[in-house]
Structure formats: C-alpha cells, structure tokens
K.L.:
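Once you've had a glance at the structure underneath, I'll fire off some questions.
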Amino acid sequence: MKKIGFIGLGNMGTPMAQNLIKAGYHLQVYNRTISKADELEQGSISKCKTPADAAANVAFVVSMLSEDEIVKEATSGTDGLLRTLQKGGVHISMSTISPETSEELAKLHEQAGSTYIACPVFGRPEAAAAKKLFVCTSGNAKAKEAARPILEALGQSVTDFGEAVGAANVLKVTGNFMIIGALELMAEAFTLAEKNGLDRVQVADFFGSTLFNAPIFHNYGRLIANKQYQPVGFKAKLGYKDARLALKLSQASQTPMPLATLAHNRLLTAVAKGDGEQDWVQAFGKGVSDDAGV
Ligand code: NAD
C-alpha cells in the first residue's frame, strides 16, 4: 500500500484525507487535536504525534494547515517535517498562504535535499468531499509530475502555473479576492432588491441562471440570498487572512485595489465582533443586512 504523510485535519483536510484513503493511500496523519483522526477509516491511517513523525519514511507529505506561520512551524519548527522527510521527498503544500512563505520553505527544502511544491485549491469542504476541488500547482516540474496521482485523487482538475514556486499562491490569492468581491456585490445587490420589495431568493436565482451564470454566483448566491450561514465551511478569520494576503501583494506590487480594502474591512469587522469562527458568507451577508437595518 502507498504510504504518505498528511498534516492538518480541519474542514478541508478531513474530506481530502478521506479521498486519499479511498484512492488507496495509507496516511500517517498529524493534527494538533489528534481526535479529529477518529473520523477517518482507522485501518488506513497511523496517528502521529508530530509533523516530523508524519513525514518519516514517506516520499510525499501533504499539508493543509490554516495559515503561513502554522505551515512554517510544521515544516521547519522543532518537530517540523523537514527533520524527517527523506532526501528526494516532496512536500505538497495545499494551504492558502503567501508566495513569500512558499519561496522561503522551498529554499529550506532544497537545502535539506527535498522539494516543496505549492498546490492550493479552490472549493469548499463539500467540494473537497465530492472530489471536485480545482487544484493549482507551481514549483519544480519533476516533483509536480510525481505528485500528480495524489493531486488527481483530490480534485476535478490540476492546473499548473509554472516553476516559480509562489505562482499558484498568487493565483489563489487573486481568486479569493474575486470571490470576496463577488460576496460583497451579491450581499449589497440582494439587500437593495429586498429593501425595494423583491424576493431576494428569486433575484439570486434569476441572476445566477442568466447574466451571472457561474458557480460562485450559484453556490454563494443561494447562501447569501437565503441568509444561510450554517454549517461553517470557511471561517471568516481565514477569509480575513486571505484579504490581508491580497493587500500585502497589492502593496508589494503597487497595485491599488480599493475593492480589496473594502472587503478587508468587512471581514475585519466580523472578526472584531467575535464572528471570526463563523462562515465568511455571514461576514458579508449579515454585515450588509445589518448596515441596511434588515
Ligand atoms: P480549519 O480552520 O478548519 O483547519 C485548520 C487546520 O490547521 C487544522 O488542522 C488545525 O488543527 C490546524 N491548526 C490551526 N492552528 C494551528 C496551530 N496553532 N498549531 C497547529 N495546527 C494548527 O481550516 P480549513 O478551512 O480546513 O482551511 C485550511 C487551509 O485551506 C487554509 O489555508 C484555508 O485558507 C484553505 N482553504 C479553505 C477552504 C474552505 O472552504 N474551508 C477552501 C480552499 C482553501
């Protein structure tokens, strides 16, 4: 049986790990709260006490952790995976993080004789469970080719953005900026329609099936129109992290992004009000409704 390391059993990591098990992999899993591993097929996993344990004696280790500092700690910290990953091993880093972090970690891997590739994904936990993620890759060509069967077990497509290791991270931050812009747009539009006597669900259905016929407008449109904020698929505090990543890139590259500033404030407000653990749809949907008094 093919054995790989898997680090991070959050909202995304758990269904992704389940798909790897379905594809025939045995997983050496690490999670901060290891009881999360109880949800996985027990015959197909070994529970590990550290990221280093998860990366021992395998050719591939996947990480799906929340943010930059956590991925760094799991990679190069005291119990980090770099301590044990074999020479020639590949770290498949799937979190939404900055391109700088990917560049930094890729260098550390290179010094250790292993390879780091960036493989962030689009799709919420339901999409992860249905193997419908869109996987985006960048980094060393040989490592990406070797990792392809693992990536194909996780999503509906794998799209490459070249050998510059941070490229897929730039793409992912760009895409999440487009999503948060669309969330604000829909929340404002549906609230405008509601306050002027229309049924916001009918409005969302009309636009989602005609002028704005695209997955983001179908899926998120329905949630925003129905004011449906449960279950939590993507936490507002992680959306806030992504808005910060977009602003950081915009500042570094001198790309003015007024819309990113607005969306950043919407997410910051949700976090400041104690709603960081709620879905980011709530940050936009409820944020706009509250402003409008409905
Ligand atoms: P989550 O909050 O559900 O899980 C986060 C994971 O990080 C967990 O395994 C948790 O144990 C670990 N973690 C958090 N803080 C830690 C710490 N201090 N020390 C050790 N481990 C720690 O997040 P998620 O929704 O699964 O997202 C994971 C990554 O995927 C994020 O980068 C997110 O932006 C990205 N992403 C999420 C979605 C989504 O819809 N949820 C979609 C695409 C990409």
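Counting convention: from 1, in listed order, for ligands and their atoms alike.
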K.L.:
To the nearest 0.5 Å, what is the distance between OG1 on T75 and CG on L108?
P.N.:
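Answer for the OG1-CG pair, T75 versus L108, is 8.5 Å.
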K.L.:
So, D38 and K47, do they make that salt bridge, N to O below 4.0 Å?
P.N.:
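Yes, charged N to carboxylate O under 4.0 Å.
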K.L.:
Does a side-chain N-to-carboxylate-O contact under 4.0 Å join R148 and D160?
P.N.:
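Salt bridge flag = no for D160 with R148.
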K.L.:
In terms of relative ring orientation, are Y116 and H91 parallel, tilted or perpendicular, with 30° and 60° separating the classes?
P.N.:
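Y116 vs H91 ring planes: perpendicular.
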K.L.:
List by chain and number: which residues place a heavy atom under 4.0 Å from ligand 1?
P.N.:
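Residue list for ligand 1: G8, L9, G10, N11, M12, N31, R32, M64, L65, S66, I70, S95, T96, V121, G123, R124, P125, K172, G233, F234, K235, L238, K241.
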K.L.:
Between E39 and K36, is there a side-chain N and carboxylate O pair less than 4.0 Å apart?
P.N.:
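Counted as a salt bridge, because a side-chain N and a carboxylate O are separated by less than 4.0 Å.
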K.L.:
Using a strict 4.0 Å threshold on nitrogen-to-oxygen distance, state whether E73 and R32 make a salt bridge.
P.N.:
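Salt bridge: no.
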